[in-house]
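Just below is one structure, and these are the notes that go with it.
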Amino acid sequence: MQQKSPMLRLWELGENEHGGLVRAMISAAVGVLGGMIPYYAAAQMIIALLESNREWSAYLMWCGVAAAGYILRSCLYAAALSMSHKATFSILKEVRERVLDKLPKMPLGTIMDTSSGKMKQIIVDQIESMETPLAHLLPEMTSNILAPVCILIYLFILDWRMALLSLVSIPVGMLFMMAVMKDYGVKYEGSVKTTQAMNSAIVEYIGGIEVIKAYNQGKNSYAKFSDRVIANASYFYHWMKSCQFPTSISKAIFPTTLITVLPVGWLMYHSGSLSAGTFITTVILSLGITGPLMAAMNFVDSLARVGTIVGSVDEILEGEEQYHGNERVKFGGMDIALEGVSFGYHKDKEILHGIDLKIPAGTMTALVGPSGSGKSTIAKLIAGFWDVTEGRITMGGYDLREIPLEQLYDQVAFVSQDNYLFDESIRDNIRMGRISATDAEVEAAAKAAGCDEFIRGLEDGYDTKVGAGGAHLSGGERQRISIARAMLKDAPIVMLDEATAYIDPENEAQIQKAVARLIRGKTVLVIAHRLSTITDADQIVLVADGKVEAVGTHEGLLGSSPLYRAMWNAHIGAKDGDTLC
C-alpha cells in the first residue's frame, strides 16, 4: 500500500472544513494578484513620463488603480486569514477530540509504553503546530506561488527573453536553500525526539520530586534533567548555526533580479530589439516576482515539518484498537474463565503461556506468585485493559471480545495500590465511580469506606481539591477515597491489588471492614502480596513464570505446593521479624 503524502493526509484531517480552506486560498490568491496591480500601475506611469504625457488625469487614474489594487490585497488577505484560521481552529479541535476519543480504544499497554511527555507533546504541541500549515501555508503559500507564475506568464507574452532574464537569480538562490532543506525532515524529526526526551525528563523530575528529596538525590536527578534541557538547546543551536550561512546567501541573491534585467535589457533596448515600454514594464514587474516567492519560502520549513507532525498524530489515530462487539449482552451470571490464554505486551515477548483458569461467580479468588510472574497481567486482561494474544476469556459465558468495552468496564471495579485521583474535589473524584450519583449517594459511599470523618475534617469538606494525582492527601487517604469510588460504582466484579497497602495500622481494621462491605456478594479477584490476607479465599491461584503452577485453598497448597509453602514461610518469617523503627 502506497504511503500518502503528508500534505494529502493533512488535507484529509481537515475534510470537514475544506470549504473554508478553499475559500481562504481563493481569497488569498486574488488578494496577492491585487497586490501586483500597483507594480503594473507604476510601470504605466513611468512609461507615460518617458513619453512626455502631461495629462494629470492619466496619472491620477493609475494612482487610483494602484490604490484599488492595494486595498483589494489588504481586504482579501485579511478575509483569507480570518477564514483559514476559523477553519483551522475547528480542525484542531476536531483532531484533538479524535485523539482523545481514540485513546480509550487503544490497548492500555500501548498507552503505558508511551511516556507522558511524548503524549503531551503530540496532543498539545504538535497538534497546535498544525495551525501554521493549515491556516497560513495553504492559503498564503499557494497564493504567493500563483502571483509570480501569473507575472511570468505576462512577461513571456511581452518578451520571452526578458522573462528568462528575470528568473536568473531565483535558481541560484534556490541552490543555496536546497543545501539547507535537503535533510530538513530528518533534522526536524531529531528535534522532536530530543524535545520529547526533555519533556519526559521534566515530567519525571517533577513527578518524582518527593522521592528525590526523601533520598537526597537532588543533585543526580537534577543533572539528568539539566542534561536533557542542555541537549535540547544544543541540538537547535547547532542545527540553526549550520543553516545560517546558506540561508543568508540565498536570501541575499534571491531578490537580485535587476542584476540581469537592467544591463541586458538596456543593451537590447539600445540595439532596438526591445521597446521602452516592455523594458520598463519588465523592470518593474520583475521586482514583484521575488517578494511573494520569498514569502512562500518562509513556509518551506513548515512544509518539511508536516511529515513528522502528521506521522506523530497518526501514530495515535491509526494505532491498534481493541475491537469489541457493539451490542450490549445480557449476563446470566458472572462466572469467569480463561481458556488457553497467552499474552505479551510486545509481539516478540510472551508473558503468559496457556493459562487455564475458572473463577466461579460470587467467590473470592486470590492470585499469588513471585514478582513479575504475571498476576497483575491476568487481572487486567480480565478487566479488558488488553485483549489476549491467543485463547479466550469469557465472562458470563460471553467472550470478552463480544462485549462492548463500555459495558465490560462497567462490570469491573479495580482498586490498586496506585489509584489516580484527579485535580478535582473529593466529591467529584468519588463520583467518578458513577457520574449520575447524587451528593447523598457519594457521601454514603464515603461513610461505607470509612473516609467520611477525615473528609469532613478538611477545610472545604467534600469540596476540597485533592491536587494533581491526589498530592494534597496521604497515601492512606487516597486509598480510602478510591475504595469509596469503587463502592459507588457497585460493579459485580471487584479486583483488589493489595488495597490496604498504604493504610496505617490504626485504620487498617476499619478499612478491612470497608473492603468486606465492598466485596459482599461480588465476584472478587485479589492480587495478593501479603499471603496472610487471603488465607480465607475460596481458591488461591499460584502463578509462576506466566503459568498457573497450582490452584487450591490455603491449607491445600501448603501441603501440595513447595513454592507456595516456601512463600508462606518467607512471609511468616518476615512478619515475625518486623520491628518498629
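Numbers for residues simply follow the sequence, beginning at 1.
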Q) Is there a donor-acceptor contact under 3.5 Å from the side chain of Q539 to the main chain of K358? A) yes

(Q) Show the nearest heavy-atom pair for residues I316 and K102, with the distance to one decimal. (A) O-CE, 3.1 Å

Q: May I ask you to check whether D387 and Y323 show a side-chain donor-acceptor distance below 3.5 Å?
A: no

Q: For atom CD of E321, decide whether the heavy atoms of other residues, nucleotides or ligands shown that lie under 6.0 angstrom number more than 12.
A: yes

Q) Got a salt bridge between R401 and D399, using NZ or NE/NH1/NH2 to carboxylate O under 4.0 Å? A) yes

Q) Do S373 side-chain atoms and A544 backbone N/O form a donor-acceptor pair below 3.5 Å? A) no

Q) Going by an N to O cut-off under 4.0 Å, is there a salt bridge joining E12 and R9? A) yes

Q.
Please verify the inter-ring angle class for W386 with F343; under 30° counts as parallel, over 60° as perpendicular, anything in between as tilted.
A. tilted

Q) Would you say E459's side chain and T464's backbone share a donor-acceptor pair under 3.5 angstrom? A) no

Q: Determine yes or no for a side-chain-to-main-chain donor-acceptor pair under 3.5 angstrom, with S482 supplying the side chain and V415 the backbone.
A: no

Q) Should the pair H85 and F89 be assigned to parallel (<30°), tilted (30 to 60°) or perpendicular (>60°) ring geometry? A) tilted

(Q) Check whether H554 reaches the backbone of D536 with its side chain - one donor and one acceptor, N or O, closer than 3.5 Å. (A) no

Q | Shortest non-hydrogen contact between Y409 and P104, atoms and distance | A | OH-O, 4.1 Å

